Peer 1: 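Below are the structure tokens for one structure; questions will follow.
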Amino acid sequence: MNLTLRVWRQKNAHTPGEFREYEATGIVPDMSFLEMLDVVNEGLIARGGEPIAFDSDCREGICGTCSLVINGIPHGGQRGTTACQLHMRHFKDGDRITIEPWRARAFPVLRDLVVDRSPFDRIVQSGGFVSVNTGQAVDANCLPVPKDDSDLAMDAAQCIGCGACVAACKNASAMLFVAAKVSHLNLLPQGKAEKDRRALNMVKAMDEAGFGNCSVTGSCEAVCPKEISLDFIARMNRDYAAALLKGKFHAKAQAAGG
Amino acid sequence: MNLFSLIFGSSLGKKFVMAISGALLFGFVVAHMLGNLQVFLGPEQLNAYGHFLQTTPEILWPARLGLLAMVVLHIWSAIRLSRENKAARPIAYAVQKTVKASYASRTMLMSGLIIAAFVVYHLLHFTVLMQAVNLTGQNFSALLDVKGRHDVYRMMVIGFSHPAVALFYLIAVGLLCLHLSHGVSSLFQSLGLKNKFYGACLDRFAKFASLILFLGYAAIPSAILLGLVK
Ligand code: HEM
Ligand code: FES
């Protein structure tokens, strides 16, 4: 396959970027999207050019590092699939593919297609943990967890924190990510003790990072590689409202868990 | 952190404000439609209803002030949230694709702002009775029925006999219907009262209720223009 790529190139956070065109030749349909970019980069390096910077790590859809907007859709529009698991057989010979970084004020571009997603880390540090002393592993069935709750918590815990929800949202809102992180712990008995504080603190950290608000368009859920449901956003809204109604807002800010 | 800043200063809190004010405005819009549909029951019924409201300040004024408060809160939060949303994506994508988001959900601010402009016109037209805006050259406040009450019925008939005015009303209620086809289900999401068990049902309810509202409101100017009500 031969393709034409239109790629966002940007030297660093302080220099303006621009689109550049590259020919991708000899692409095998079984390659993943990132392998296709590797081939293009090898060509660029061989010709003494600067390779296209993009993020990746596991390349098997579980780490959430890859982050490309492909033809206007985060991760390329294959349902429940990260860019690293997107295969070139979904494209046609001669296609023109536009590749852009996540676009959000909270995610500044560091270089080319690499953005700074540390606001997600700060949100997790503000409440995405359980403050218990660790020690001996407890007996598995000491703490009963209803099956429905553990299933739902697992659905939320699937979030790999890639940020596609932010990238897809017309408001660059991080609600789906935050909702998944809040819900996953708030659903489990271990997390219940800090339920109210967690909702308040994580929402506060989200707001401070400069993400937008939820317009309930559903774009986030549609592009999420882990198909996290919009229901979790409703659940977070509920947890937040419950914390307000209970008057739990006097709680001091939690220290970040280690 | 205090309660006030958690509600009016946070993303979720502002959505609570928007959802609750929107829900109450929705309630008003339903009641208002039912009130207006009395035009089909004839002048006696409608004028008696109008007279009742006009002469019952203990209902009229709390309702007016409550509505004003809801409108202020709704528009305030709409503008604050929309500005934050714009600021959150300073650089647009070169390839703009819409995934899943419905037309209504993407145009809430636009439909809302046009509805707001319509509400101002509507108040000048039928509440303040400003002669200049009704385009018929008649003074609506001078219309009295045989019992000496304000003749609301004739005011409607004359008011909507001007096609441009009737058309503006039809467009406005169309946009209100669009706004609510998303808003009425979105408000449950914002208040945390939605999940997969009845979420689809809420979505259908929102579309159905907006359609009924549209038909109910549009029936009045349409019937007058077609000469069915005179
Ligand atoms: C009778 C008039 C109106 C009614 C019944 C109404 C109703 C609603 C409802 C129920 C919602 C959903 C709340 C939520 O998402 O939680 C909503 C949202 C919204 N309304 Fe209104 N509204 C009205 C007028 C207006 C006006 C005048 C504006 C103009 C500024 C406006 C702008 C918005 C915006 C921007 C949203 C939020 C959309 C989002 O979150 O993206 N609305 N409205
Ligand atoms: S590289 Fe790990 S999910 Fe794509």
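If you're wondering where the values come from, they're calculated on a predicted model, not measured in any experiment. All chains are named by letter (A, B, ...) in the order of the sequence lines, taking the proteins before the strands, and each is independently numbered beginning at 1.
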Peer 1: Assess whether side chain to side chain contact (heavy atoms under 4.5 Å, CB included) is satisfied between B:H162 and B:N134, documenting all intermediate values.
Peer 2: CA-CA 8 Å; B:H162 195 294; B:N134 73 39; over 6 Å; no
Peer 1: With only heavy atoms counted, which part of B:Q189 is less than 4.5 Å from chain A, the side chain, the backbone, both or neither?
Peer 2: both
Peer 1: Under the 3.5 angstrom rule, does the side chain of A:Q158 hit a backbone N or O of A:I228 as a donor-acceptor pair?
Peer 2: no
Peer 1: Mind checking which of residues 196-204 of chain B sit less than 4.5 Å from chain A, heavy atom to heavy atom?
Peer 2: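 Listed by number: B:K196.
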Peer 1: B:H125 vs B:F140 aromatic rings, parallel, tilted or perpendicular, using cut-offs 30° and 60°?
Peer 2: tilted
Peer 1: Where do A:N171 and B:R89 land on the side chain to side chain donor-acceptor pair (under 3.5 Å) test, with the steps shown first?
Peer 2: CA-CA 7 Å; A:N171 308 336; B:R89 161 125 342 111; over 6 Å; no
Peer 1: Using heavy atoms and a sub-4.5 Å threshold, report which of residues 8-22 of chain A line up against chain B, by residue number.
Peer 2: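 Within residues 8-22 of chain A, the residues under 4.5 Å from chain B are A:F19.
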Peer 1: A:C169 versus chain B, heavy atoms under 4.5 Å apart: side chain, backbone, both or neither?
Peer 2: backbone
Peer 1: Between B:S105, B:S11, B:A104, which residue shows the highest count of heavy-atom pairs closer than 4.5 Å to chain A?
Peer 2: B:S11
Peer 1: According to the interplanar angle, ranging from 0 to 90°, do the rings of A:F33 and A:F91 count as parallel (below 30°), tilted (30 to 60°) or perpendicular (above 60°)?
Peer 2: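 Ring orientation of A:F33 relative to A:F91: tilted.
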Peer 1: Can you tell which of A:A222, A:G212, A:A172 has the highest number of heavy-atom pairs within less than 4.5 Å of chain B?
Peer 2: A:A172
Peer 1: Could you list which of residues 169-188 of chain B have a heavy atom closer than 4.5 Å to any heavy atom of chain A, in residue-number order?
Peer 2: B:H182, B:S186
Peer 1: For the backbone of B:G35 and the side chain of B:Q38, can you confirm whether one donor and one acceptor N or O come within less than 3.5 Å of each other?
Peer 2: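 Judged by distance alone, yes, a pair lies under 3.5 Å.
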Peer 1: Using a strict cut-off of less than 4.0 Å between a Lys/Arg side-chain nitrogen and an Asp/Glu carboxylate oxygen, indicate whether B:E84 and B:K14 qualify as a salt bridge.
Peer 2: yes
Peer 1: Under 4.5 Å from any heavy atom of chain B, what part of A:M236 do you find: side chain, backbone, both or neither?
Peer 2: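 Looking at A:M236, backbone and side chain both touch chain B.
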Peer 1: Keeping the roles fixed (side chain from B:S82, backbone from B:I79), state whether a donor-acceptor pair exists under 3.5 Å.
Peer 2: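 Looks like no, no N/O pair under 3.5 Å.
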Peer 1: Go through A:C220, A:A167, A:A243 and name the one with the most non-hydrogen pairs under 4.5 angstrom from chain B.
Peer 2: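 Heavy-atom pairs under 4.5 Å are most numerous for A:A167.
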Peer 1: Which bit of A:A209 comes within less than 4.5 Å of chain B, counting heavy atoms only: side chain, backbone, both or neither?
Peer 2: neither
Peer 1: Would a distance-only check, ignoring hydrogens and angles, find a side-chain to backbone donor-acceptor pair under 3.5 Å from B:S21 to B:M18?
Peer 2: yes
Peer 1: Heavy atoms only, distances under 4.5 angstrom: which of A:A106, A:G77, A:A241 has the most pairs with chain B? Name it, please.
Peer 2: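 Top option by heavy-atom pairs under 4.5 Å: A:A241.
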Peer 1: Could you label the plane-to-plane angle of the B:Y217 and B:H32 rings as parallel, tilted or perpendicular, counting under 30° as parallel and over 60° as perpendicular?
Peer 2: tilted
Peer 1: Determine whether a donor-acceptor pair (N or O, by modelled atom type, separation under 3.5 Å) exists between the side chain of A:K181 and the backbone of A:C159.
Peer 2: yes
Peer 1: Does any heavy atom of chain B fall under 4.5 Å from the side chain of A:P74, the backbone, both, or neither of them?
Peer 2: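 For A:P74, there is no contact with chain B at all, as no heavy atom is under 4.5 Å.
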Peer 1: Hey, does the side chain of A:S173 reach the backbone of A:M175 with a donor-acceptor pair shorter than 3.5 angstrom?
Peer 2: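 Yes; judged by distance alone, with no hydrogens or angles, the pair exists.
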Peer 1: Can you tell me which portion of B:A92 sits under 4.5 Å from chain A's heavy atoms? Options are side chain, backbone, both or neither.
Peer 2: backbone
Peer 1: Taking B:N36 for its side chain and B:M33 for its backbone only, find out whether a donor-acceptor pair lies under 3.5 Å.
Peer 2: no
Peer 1: Below 4.5 Å, heavy-atom pairs only: which of A:V223, A:T98, A:V69 has the largest tally toward chain B?
Peer 2: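 Top option by heavy-atom pairs under 4.5 Å: A:V69.
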Peer 1: Would you mind checking which part of B:Y93 comes under 4.5 Å of any heavy atom in chain A, side chain (CB onward), backbone (N, CA, C, O), both or neither?
Peer 2: both
Peer 1: Checking A:D207 against chain B: side chain, backbone, both or neither under 4.5 Å from a heavy atom?
Peer 2: side chain
Peer 1: Please check if any side-chain donor atom of A:Y240 sits under 3.5 Å from a side-chain acceptor atom of B:S10, or the reverse.
Peer 2: yes
Peer 1: Parallel, tilted or perpendicular: which one describes the rings of B:F118 and B:H122, with boundaries at 30° and 60°?
Peer 2: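 Taking B:H122 first and then B:F118, their aromatic rings lie parallel (interplane angle under 30°).
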Peer 1: Any donor-acceptor pair under 3.5 Å linking the side chain of A:W102 with the backbone of A:C162?
Peer 2: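 Yes; judged by distance alone, with no hydrogens or angles, the pair exists.
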Peer 1: Near B:R64 CZ, under 6.0 Å, is it more than 12 heavy atoms from other residues, nucleotides or ligands?
Peer 2: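 More than 12 heavy atoms, drawn from other residues, nucleotides or ligands, come within 6.0 Å of this atom.
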Peer 1: Looking at A:D95 and A:I97, would you say the former's side chain and the latter's main chain have a donor-acceptor pair under 3.5 Å?
Peer 2: no
Peer 1: Any side-chain hydrogen bond (donor to acceptor under 3.5 Å, both in side chains) pairs touching residues 220-238 of chain A, not counting sequence neighbours?
Peer 2: A:R79-A:E227, A:E221-B:K100
